[in-house]
Amino acid sequence: MEEVTATAVAEQVGESCSLDHYLMQPDHTMDARIAAARAKLGTDVLLLGHHYQRDEVIRFADFTGDSYKLSKAAAEAKAKYLLFCGVHFMAETADLLSQPWQQVILPDLNAGCSMADMAEIGQVEDCWDSFERAGLLGENDQGAGNSAKGIIPLTYMNSAAAIKAFCGERGGLVCTSSNARGAFEWAFKRAERILFLPDQHLGRNTAFAMGLQAGEMAVWDPFQINGGLTPEKMRAAKVILWKGHCSVHQRFLPEHVDRVRREEPGMQVIVHPECRWEVCRKADTVGSTERIIKTIEAAPEGTSFAVGTEIHLVNRLAKRFAPLGKRVITLDDSGCLCTTMYRISPQHLAWALENLAEGRVVNRIKVDDEVKQWARVALDRMLEIV
Ligand code: 13P
Ligand code: SF4
């Protein structure tokens, strides 16, 4: 049994075929093998694919979507095996939402998320202790329960299961980029303040969109004593933003939008809410990967878009919409690649599927039962609000 995180384990069942053997083969030789293994497994396996996956992988997905759509698909899936072409927190979420008789597989255990790694449970517990010392916690905030009055912890889906459990246990919930506003509204009906983990940009963009002012937000830096905040600053904030970010989306800058405006008049700028606020405020549309796709789908022929999100999705959209008379380019042509999403290769996919077809489960992602209980509560609250 190989340890993956404090809360999840990867189980190797039986003796698996060597992955090294697969990694020495060229991509295209995997296609027929993937198709054959899938045919053998039939409806026992469901392949879920995030939009940032590479073309050679995503074309095998039964279901594609953003984080929210994929979590719903996992919750409703009937297959025995859910094979997740995405990153670790997504596979953990699928395990949290699946039935006890289902198993979740991540073809490469190195497919993590640098943003999710920016909030560790020990750091979050220390942060909460500081809130307690500053008098931010209401009567019911310290343990389990739904009736917190002081501050509610809210986490982006892009976080470890232990962080989701932390939020669930303290009356909070999970959100994705497509329902962050609904989650903020839910939380503000129940508490004076929100702690938002781990993406400061999504938190800030959501708070500004709701009409909050910069002075009502504070950034918690987990590497500074008391997050770098005085008790007065903590008390003055309505939203406390964890200092985390997506290294892919943070690369987009306001000057990229300015350049498009200058060089491509009439072009629509559409960005993901993991981008900085300085970029989002200059964009025409801000939305999750699913919203980006839907916006371009709905646009009339002749429309052109500069898109601020991961390069595989942008390239796929450019190819798909060119014959329909719509032009799609990346907002920053230095190429914003999510290297961990990219780790799911056709070789890893073939390896996981062929082992499965031979009755061996490789790279199972399984969240510890004690973490599962509260993380599930936080996810169920999210699924109820949208
Ligand atoms: P969505 O697919 O939910 O828009 O999220 C993007 C992302 O960064 C996933 O890691
Ligand atoms: Fe994580 Fe950013 Fe990659 Fe999404 S795009 S998986 S947030 S590093």
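Quantities reported herein were computed from a predicted structural model and do not represent experimental measurements. Hydrogens, waters and symmetry mates play no part in the numbers below; they use all other heavy atoms, side chains included. We count ligands from 1, going down the list as the structure has it; atoms in each ligand are counted the same way.
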State the CZ-CG distance between Arg360 and Asn355, to the nearest 0.5 angstrom. 4.5 Å
Under 4.0 Å, counting heavy atoms only: does Glu274 come that close to any atom of ligand 2? yes
Would you please test His272 and Ser288 for side-chain hydrogen bond (donor to acceptor under 3.5 Å, both in side chains) and show each step? CA-CA 6 Å; His272 195 279; Ser288 74; 5.9 Å; no
Would Met267 and Ile270 show up in the same hydrophobic cluster when neighbours are defined by side-chain heavy atoms closer than 4.5 Å? no
Verify whether the ring centers belonging to His312 and Tyr342 lie closer than 6.0 Å. yes
Taking all heavy atoms of Pro254 and all of Val279, pick out the closest pair and write down the distance. N-CG2, 3.5 Å
So how far is it from Asp66 CG to Thr309 OG1, rounded to the nearest 0.5 Å? 10.5 Å
Ring-ring centroid check Phe184 Phe196, cutoff 6.0 Å: yes
Neighbouring residues of ligand 1, heavy-atom cut-off under 4.0 Å: His50, Tyr52, Asp66, Ser67, Phe89, Met90, Tyr156, Asn158, Ser177, His272, Glu274, Ser288, Thr289
Give every protein N, O or S atom lying under 2.8 Å from atom 1 (Fe) of ligand 2, naming each by residue and atom. Cys113 SG
Value for OG (Ser67) from NE2 (His51), rounded to nearest 0.5 Å, stands at 9.0 Å
Would you kindly confirm whether Val124 and Met234 end up in one hydrophobic cluster when ILVMFWY residues are joined by side chain heavy atoms under 4.5 Å apart? yes
is_close_aromatic(Trp128, Phe166), centroid dist under 6.0 Å: yes
